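The sequence lines fix the lettering, A, B, ..., with proteins before strands; numbering per chain opens at 1. Predicted model, so just to flag it, every value in this text is computed and none were measured.
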2 protein chains.
Amino acid sequence: MQDTKDKIVGLADQLIKTKGFNSFSYKDISDPLAIKNAAIHYHFPNKADLGMAVLEQEFNILNTGIANWEALPEDHQLRHLIGSFANKCSSHMACIMGSLSPDYNTLPSNMQERLREFSAAVIKWVTQCLHNGREKGIFSFKGAPEDRALMIVSNLLASLLLSRVMGESAFEKISKQLLDDIL
Amino acid sequence: MQDTKDKIVGLADQLIKTKGFNSFSYKDISDPLAIKNAAIHYHFPNKADLGMAVLEQEFNILNTGIANWEALPEDHQLRHLIGSFANKCSSHMACIMGSLSPDYNTLPSNMQERLREFSAAVIKWVTQCLHNGREKGIFSFKGAPEDRALMIVSNLLASLLLSRVMGESAFEKISKQLLDDIL
DNA sequence: TTGTTTACTTACTAGTAAGTAAGTATATTT
DNA sequence: AAATATACTTACTTACTAGTAAGTAAACAA
């Protein structure tokens, strides 16, 4: 069944975002799914394989989002992105970048590379969005779109982490300001 | 000797910032210091005690910084803060907030509380700095100083994490923009 | 000089981590 | 109907984790 495999990846994704890659164990997955840890190893020989599967899934979700919002005005696209972060915030999760980057030095090199590619893809998309939006007169900001994109992504990433410590209002205040600054 | 105790805290601080709280072990400390793991337990009965000692040290460093820069113009104060983050960046470290917040859910409650207090202290200080700086005409920005402070802290925190993945230029671009936006 | 405190080491425990080898039931193919 | 592949379980190993109990050498105090 593909079902179990998908459930393992889904749970691993959640666990990475709530506890971090090094802080979750196979037991955290096998217990709720009522399977044995060897079943996880059957689908994913080692933890790095599981981590890679999670990153692939995140990449798919990102690409689906981008494709779905492509035709929308740029401010709507950005609001969708912020909305997806808001959902993570309310379920007390970080994003995959915010969850894996603190552990970056301890990650296997294939996960490091894939995380770098993922981050680059997010930044590239926001850059394009800001660039097009400014040309259409939807956005107004000074400086290069890429620099501004870097700042927006970094802010969204960190606001989820800060919200955990300081409460959800931190996310709301930061995300509101991000939009106010360019609209 | 206070020496060994201080060295343990110093190394633990570094390890938290490079690997994360749950990803470093007593061996990572005992080996380089050429002591036994029981020596660490002698000074810090459990890992939470060690974590608390690291947070206390971070608090002291913060308070020393604040006290030293108090008399300076507000833009200089902010530059000092950014400078201290730049140092962390070049030694491939995150700040204590960026390092501990992803593990927040797994931390003992006294560490959670202390981290919350630490974050609040940083934000409070930046808020005060922005407030005073704007009144003196050094800074210019719209919105509440507290919201802007939240954004600056969140950006600094995240830029260290992003720099790990994307390279140090991420930090430089973000920190430059932070200042440009309010000067 | 004796007793006590400090700062450890030695030697260990119990628990948990990822990972593996071999067996099994079910479904699919030939 | 037999052979094979799939998706596991059972049972285990090795390595490492935080943590502890008991012992020791040196410094200090009475």
Donor-acceptor contacts, no H, no angles, side chain residues 89-100 of chain A, under 3.5 Å, sequence neighbours left out:
{"unit_1": "A:S90", "atom_1": "OG", "unit_2": "A:A86", "atom_2": "O", "d": "3.4"}
{"unit_1": "A:S90", "atom_1": "OG", "unit_2": "A:N87", "atom_2": "O", "d": "3.0"}
{"unit_1": "A:S91", "atom_1": "OG", "unit_2": "A:N87", "atom_2": "O", "d": "2.9"}
{"unit_1": "A:S91", "atom_1": "OG", "unit_2": "A:K88", "atom_2": "O", "d": "3.3"}
{"unit_1": "A:S99", "atom_1": "OG", "unit_2": "A:C95", "atom_2": "O", "d": "2.8"}

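For B:Y104, the side chain to side chain donor-acceptor pair (under 3.5 Å) criterion is met by B:R116, not counting sequence neighbours.
Atom CG in A:L33 sits roughly 10 Å away from atom P in D:dC8 (whole-Å rounding).
Contact annotation: A:H43 side-chain N/O to D:dC8 OP1/OP2 distance is under 4.0 Å. A sub-4.0 Å separation between OP1 or OP2 of D:dA7 and a side-chain N or O of A:T4 is absent.
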Using the rule given for side-chain contact (heavy atoms from CB on, under 4.5 Å), can you reason through B:W69 versus B:H76, listing the C-alpha separation, both sets of side-chain angles and the distance that settles it, and then say yes or no?
CA-CA 8 Å; B:W69 308 331; B:H76 283 70; over 6 Å; no
Between A:F24 and A:I29, is a side-chain contact (heavy atoms from CB on, under 4.5 Å) present by the stated rule, with each step listed?
CA-CA 9 Å; A:F24 85 86; A:I29 294 176; 3.8 Å; yes
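Comparing atom distances between the A:Y42 side chain and each of D:dA7, C:dT9, D:dT9 picks out D:dA7 as nearest.
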What is the per-nucleotide protein-contact pattern of nucleotides 16-23 of chain D, from the 5' end, where B denotes a base atom under 4.0 Å from a protein heavy atom, S denotes such proximity for sugar-phosphate atoms only, and - denotes neither?
-SSBB---
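Taken from CZ in B:R148 to SG in B:C129, the straight-line distance is 13.5 Å, to the nearest 0.5 Å.
Contact record, A:P73 with A:I138: CB-CD1, 4.3 Å, taken as the closest heavy-atom pair.
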